[in-house]
Amino acid sequence: MPEMPEVEYTVRQLRTSLVGATIDEAMVFWERTIGRPDVATFRAEIAGRHITDVRRRGKFSLLDLSGDLFVAIHRRMTGNFFLLPSGWHIDTHLREEDPVAWRTKGPSFIPPHESDESLVQAASLQVLTEPVLSTKTAHCRVCFNLVDGRRLLFTDPRKFGRIELWSRQQEAEAFKGLGPEPLSENFTVAFLTEALAKGKTSIKQVLLAQDIIAGIGNIYADEALSYAGIHPLRRADSLTAAEIHLLHEGIVAVLTTGIEHGGTSFNDYRDMWGEAGDNYSHMRVYKKHRQPCGHCGTLIERIPIAQRSTHFCPACQRLTGE
DNA sequence: ATTTAGACCTGTCAGC
DNA sequence: TGCTGACAGGTCTAAA
């Protein structure tokens, strides 16, 4: 679900709120979410650590911890962070009452009592009425309790997300499968030209390959190709120099505007406060099949490429001829 | 050596 | 209104 812009936007929010905080403990409600090392070691190692920075690499969110460790979180399709103010209580009674429902739903969170002074803090943080909050805290798989009483929730309905613990010495190993950051100075037209020259497959598949460029997913691949007027089925090594130049420009443009608009939300993506991003209103083709192209009026098409839905304008993005 | 279908999971929405 | 099936921001791996 989240691609680079969604991850980057949330990471920036988390950085302003979490740097300097101390983790008391992690509560794990779905064990497979912890991908490395085992759950017991993970919990033992992070307890008591300070969060020294929050960063991003590709689609990974990184929590740097004291003691030269870092937590790498991949949100996959439906993973989200939610920062719960202090004073809220965690309710796990479902674990005993209905173990089957517990496995999918996880714990629920209940507001502080009116006598609790931390209610004042919670109230100052907008929108935290119980019915609204219950949707934002649903499907909690891992809950990081901070020493100051706040909780960082990792919610993930589909359970595809993964959380790993690494030492800083292992950082190269942790990200060995990732290509350059598309918004860094390493991502040049020359680099893209060289990478595409090796691509025997469709340009759409190459854009999705994290070992070539890190962070582009299904939305921004379609949007970048639309920007450049390139058909998604074009062989990567067939693009002209002019097309590569436009594509490079398109990748940078759609990712940058995606971040500026707080990311793209359909069903699942939410920021740290559980709010949707509004980038969808700025998009050209993604999920707009059977709607007219904003440029020429031709109906946008949707076709599968490598089992991913792919959206494009058949008039603006031609496969053959000029 | 590459492609591709299947697996991992749950929720939502279009269409009959 | 109710059921069924298609589909979902991702990535790994077994099978072809």
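A, B, ... follow the sequence lines: proteins, then strands. Residue 1 opens every chain. Keep in mind that the numbers below use all heavy atoms, side chains included, and drop hydrogens, waters and symmetry copies.
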Answer with base, sugar-phosphate or nothing: what part of the nucleic acid does [X] contact at a heavy-atom distance below 4.0 Å?
X       : answer
R32(A)  : sugar-phosphate
D156(A) : nothing
Q210(A) : sugar-phosphate
N267(A) : base
P2(A)   : base
T104(A) : sugar-phosphate
Y220(A) : nothing
R270(A) : nothing
E6(A)   : nothing
T201(A) : nothing

(message) Tell me whether E243(A) is salt-bridged to R234(A), with the criterion being a basic N under 4.0 Å from an acidic carboxylate O.
(response)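 Counted as a salt bridge, because a side-chain N and a carboxylate O are separated by less than 4.0 Å.
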(request) Return the nucleotide paired to dG10(C): Watson-Crick means purine N1 to pyrimidine N3 with N6-O4 or O6-N4, wobble means G-U with N1-O2 and O6-N3, both under 3.5 Å. (result)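 dC8(B) - that is the nucleotide pairing with dG10(C), both distances being under 3.5 Å.
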(message) For Y280(A), does the six-membered ring have the charged nitrogen or CZ of K287(A) within the cation-pi criterion, i.e. under 6.0 angstrom from the centroid and within 45° of the normal?
(response)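 Output no; distance or angle outside limits.
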Of the listed nucleotides ([options]), which one gets closest to any side-chain atom of [X]?
X       : options                  : result
Q307(A) : dT10(B), dG10(C), dA5(B) : dA5(B)
R302(A) : dG10(C), dT10(B), dA8(C) : dA8(C)
S309(A) : dA8(C), dG15(B), dG11(B) : dA8(C)

(request) Go through F29(A) and W102(A) one step at a time and tell me if the ring-ring contact (aromatic ring centres under 6.0 Å, His included) criterion holds. (result) CA-CA 9 Å; F29(A) 304 114; W102(A) 165 261; 5.7 Å; yes
(request) List the steps and the verdict of side-chain hydrogen bond (donor to acceptor under 3.5 Å, both in side chains) for Y220(A) and T264(A). (result) CA-CA 10 Å; Y220(A) 295 96; T264(A) 305; 2.8 Å; yes
